[in-house]
Structure formats: structure tokens, C-alpha cells
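Structure first, commentary second.
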Amino acid sequence: MLVYVLRRLLMTLSVMLAAVTFTFVIFYLGPNDPAGISCTRNCTEERIAEIEKSMGLDKPKVQQYTEYVKGIAVGRTITSGGFQKECAAPCLGWSWVQDRPVKDMVFQAAPVTLSVVVGGTVVYTLFGLMFGVVAARNRGNWVDRMIVGITQFVPSVPYYILALLFFLYLMVLHPILPRSQWVPFTEDPAKWFVGLIGVWLIYGLIQATAYVRYVRAAMIDTLSGDFVRTARSKGLSERKVVISHALRAAMAPFLTLVGLNIAADLSGAVFTERIFGLPGMGTLAIRSFDQQDLQVISGVVLVGALVVSVGNLIVDLLYGVVDPRVKLS
């Protein structure tokens, strides 16, 4: 297990290095003009050249890349407007528009997005497994047909439309769920939970429809396996056969699907944050895009890549827990 974990950690580090390089190429070598954005008036070529020099943008690209990577690891000193400013590790760059470290802006928004994604993942995992098992156990009857019908109808409507309808009818016009708001967990855990419970339920229930049919198919296949028939022949209760044997065996491919969809969950959080007015990374990225603050967007991309990599690592490690047939090697 230790060797496997170390190997996966090295793979995660290599993925992050590739993400850092890709981000630098896109946002720092591409058609990005922070000097032009910072120059609000009297923008002559000489003035823009002076601003580029003050920002260190006149240095060779290789040197800029080296300093960029070094800043993420140990921090660096950034020159802005003729002043030197310390950017502590992990330094994700400097926002020329806001004149503040990108790290502060991203790390302030990251807990919001992580709370939405993690809470929503818990909800759609529970409901996806529950309704998938119920549909498999009632294969062919009206319960199965109703569940499958709902899971086919809901994904046919764009997510943002469903989320907006839920928000309007359940939180605004007919307030069944508490209005969404962001309160840091460290400040007040109870208000944090109440402020996000409606978002989690809406986000999780809608996303669960994509997993119910997958769990249903996996459970139908697993319930016909020889090891399930053996468990039943030993006189085990049907509940123990389904939960302890069949569901556990069906969990490994289900976890694979969850791991593959982590990036999609982060993308979906953009719509969720905008609809429910949450100050997460999606809201920050959209606002930075409007301001042409590409340094902030690059920071959001890097943190998103880190979340996806760590999430996939956790999913891989869970394989050996839910399914003893899986060998970590």
C-alpha cells in the first residue's frame, strides 16, 4: 500500500507540473497584455515598455517560467509599479488589476467551491446508490420503470435551467429550503450547513440521476454473480447479501465514474455559484474574465487541477477499501 501511495503521489506531482507548464504557456506566453491593461491613460509604446519592465515582463520567457515555478514552490518577489512585493509560497502570481496576490483571492474562494462540490458529491452518491439499488431489486416492475423514467427525463433538461427553477420555486417564491448563503465553517458550522443544505440537495439530486442507471446496471450484473448465489445458499439475509456483497462489488466501477466526473463537478459548480450567489472560484473566474485578469484565471486553473488530482488519488485508494478483489500494485 505504501509503495502504491508513493507512486500515485509522484504521478500526481507530475500531473501538477504539466498543469503548471500548460498554464504558463496559455496565460503568459499567449496573447496576454497585462501592461496594456494596467496602462489606463497616456498609453504610448514607451509607457507600455516601462510598465512591462517594472513588471518583469521584459525578461526571457525561460527565466519567467523558472521564476513562476519557483514562486509556487518557495515564493518569490514580484515587481509591480516600481515596487517590490513579497509573494509567499505557493505564489500563484499577482493580479495587476486588483494589485494583490492571486493566492489570496483564490484561497478565499476555494472553500466555497469545495464545500459545494464535496457536499453535492455526498448527496448524489447516497441518492445514486440508494435509488440504483432499489431499481435493481425491483427490476421490471413499476418502481423500476418510474425511477428509470425520471433519470431519463431530468438529464434531458439543461442543468442550469433545473437549478434556476429549483432556486426560484423552493427558495424564493415558495421557500421550503433555506436561502443559500456563504458562512465560513470556521466562523459558524451551523450557519455554514444551513446556508448550503439547499444547494447540496438541488445539486446532488440533479446529478444523482446520472448515477442511478449506472448503479442499477452494475447491481443487476452483480446480483447474478456466483458469489452472490453462494452467499444466499449459506443462509445469509437478503439485506446482507445486497449490501455487504453485491453493493460492495458494484462500488469499484461506481467510484471510477465519480473520479472521472470530478472535473465536471467543478465545472458545474460555476453555474451553481452564479445561480445561488456564492462567492466561489467559478464566480471569481467569471469576474476575472470580464476584467481580463488572466493571472487570476490561471490561479483558478491550477487550484482546480490540484483538486482533480487529489480527488482521483482518494478515489484510487478507496478501491481497496470497498472491493477486496482489487489489488493495489
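Atom set for the values below is all heavy atoms of this structure, side chains included, hydrogens, waters and symmetry mates excluded. None of the values given here were measured: they were computed from a predicted structure.
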Decide yes or no for Lys103 and Pro90: does some side-chain heavy atom of the first lie under 4.5 Å from some side-chain heavy atom of the second?
yes
Quick one: are the ring centres of Trp200 and Phe193 less than 6.0 Å apart?
yes
With clusters defined by side-chain heavy atoms of hydrophobic residues (ILVMFWY) lying less than 4.5 Å apart, directly or transitively, does Tyr169 cluster with Leu164?
yes
Ala19 to Ala305 - nearest heavy-atom pair and separation:
CB-CB, 3.9 Å
Lys61, NZ atom: more than 12 neighbouring heavy atoms under 6.0 Å
yes
Tyr160 and Thr272: side-chain donor and acceptor closer than 3.5 Å?
no
Under 4.5 Å between any side-chain heavy atoms of Val25 and Tyr65, yes or no?
no
Looking only at non-hydrogen atoms, find the nearest pair between Leu255 and Val315 and report the distance.
O-CG1, 3.2 Å
Does Leu284 share a hydrophobic cluster with Ile26, counting links as ILVMFWY side-chain heavy atoms below 4.5 Å and allowing steps through other members?
yes
Leu201 and Phe166: side-chain contact (heavy atoms from CB on, under 4.5 Å), yes or no, with the steps?
CA-CA 10 Å; Leu201 288 176; Phe166 272 100; over 6 Å; no
Just say parallel, tilted or perpendicular for the rings of Tyr124 and Tyr203, cut-offs at 30° and 60°.
tilted
Would you say the side chain of Phe289 lies within less than 4.5 Å of the side chain of Val296, judging by non-hydrogen atoms?
no
Flag the pair Met146 / Asn138 as yes when at least one side-chain heavy-atom distance between them is below 4.5 Å, and no otherwise.
no
Is the side chain of Ser298 donor-acceptor paired with the backbone N or O of Gln295 at a distance under 3.5 Å, no angle test?
yes
Are there over 12 heavy-atom neighbours, none belonging to Arg229, within less than 6.0 Å of that residue's CZ?
yes
Is atom CZ of Phe107 surrounded by more than 12 heavy atoms (other residues, nucleotides or ligands) closer than 6.0 Å?
yes
So how far is it from Met105 CE to Trp94 CH2, rounded to the nearest 0.5 Å?
11.0 Å
What one should report as the nearest heavy-atom pair of Phe167 and Ser180 is CE1-OG, 4.4 Å
Donor-acceptor contact below 3.5 Å, side chain Thr113 vs main chain Ala110:
no
Sort and list the pairs that fulfil salt bridge (charged side-chain N to carboxylate O under 4.0 Å, His left out) and have at least one residue in residues 115-125, not counting sequence neighbours.
none
Does the pair Arg76 and Glu86 meet the rule for a salt bridge (Lys or Arg N to Asp or Glu O under 4.0 Å), with working shown?
CA-CA 6 Å; Arg76 61 182 171 131; Glu86 295 298 325; over 6 Å; no
Out of curiosity, Trp182 CH2 to Glu187 CD, how far, rounded to the nearest 0.5 Å?
10.0 Å
Closest approach of Gly93 and Cys87, non-hydrogen atoms and distance?
O-SG, 4.1 Å
Roughly how far, to the nearest 0.5 Å, is CZ of Arg145 from CD of Gln152?
12.5 Å
Leu6 and Leu10, any side-chain heavy atoms less than 4.5 Å apart
no
How close do Pro155 and Ile150 get, heavy atom to heavy atom, and via which atoms?
CD-O, 4.2 Å
Report whether Ile220 and Val241 are members of the same hydrophobic cluster (ILVMFWY, side-chain heavy atoms less than 4.5 Å apart, transitive linking).
no
Determine whether a donor-acceptor pair (N or O, by modelled atom type, separation under 3.5 Å) exists between the side chain of Ser233 and the backbone of Thr230.
yes
Transitive ILVMFWY side-chain link Phe185 to Val112, under 4.5 Å
yes
Verify the cluster assignment for Val270 and Leu114: are they in a single hydrophobic cluster under the rule of side-chain heavy atoms below 4.5 Å apart?
no
Can you check whether Leu170 reaches Pro175 side chain to side chain, under 4.5 Å on heavy atoms?
no
In Å, rounded to the nearest 0.5 Å, how long is the span from CG of Leu278 to CD of Gln181?
9.5 Å
Could you go through the side-chain contact (heavy atoms from CB on, under 4.5 Å) check for Tyr211 and Asn261 one step at a time?
CA-CA 11 Å; Tyr211 296 88; Asn261 285 340; 3.0 Å; yes
Student check: side-chain heavy atoms of Met219 and Val242 closer than 4.5 Å:
yes
Asp144: which of Arg216, Arg137, Arg139 passes side-chain hydrogen bond (donor to acceptor under 3.5 Å, both in side chains):
Arg216
Report, as yes or no, whether the 6.0 Å neighbourhood of atom CZ on Phe127 holds more than 12 heavy atoms from other residues, nucleotides or ligands.
no
Any side-chain heavy atom of Ser309 within less than 4.5 Å of one from Met16?
yes
For residues Leu302 and Leu92, report the shortest heavy-atom separation together with the two atoms involved.
CD1-CD2, 4.1 Å
Evaluate the criterion side-chain contact (heavy atoms from CB on, under 4.5 Å) for residue pair Ile297 and Asp293; output intermediate values, then yes/no.
CA-CA 7 Å; Ile297 301 177; Asp293 197 351; 6.0 Å; no
Let me see the working for Arg274 and Phe271 under side-chain contact (heavy atoms from CB on, under 4.5 Å), right down to the final yes or no.
CA-CA 5 Å; Arg274 296 292 289 178; Phe271 296 105; 5.9 Å; no
Can you tell me how far CE of Met281 sits from CD1 of Ile286, rounded to the nearest 0.5 angstrom?
12.5 Å
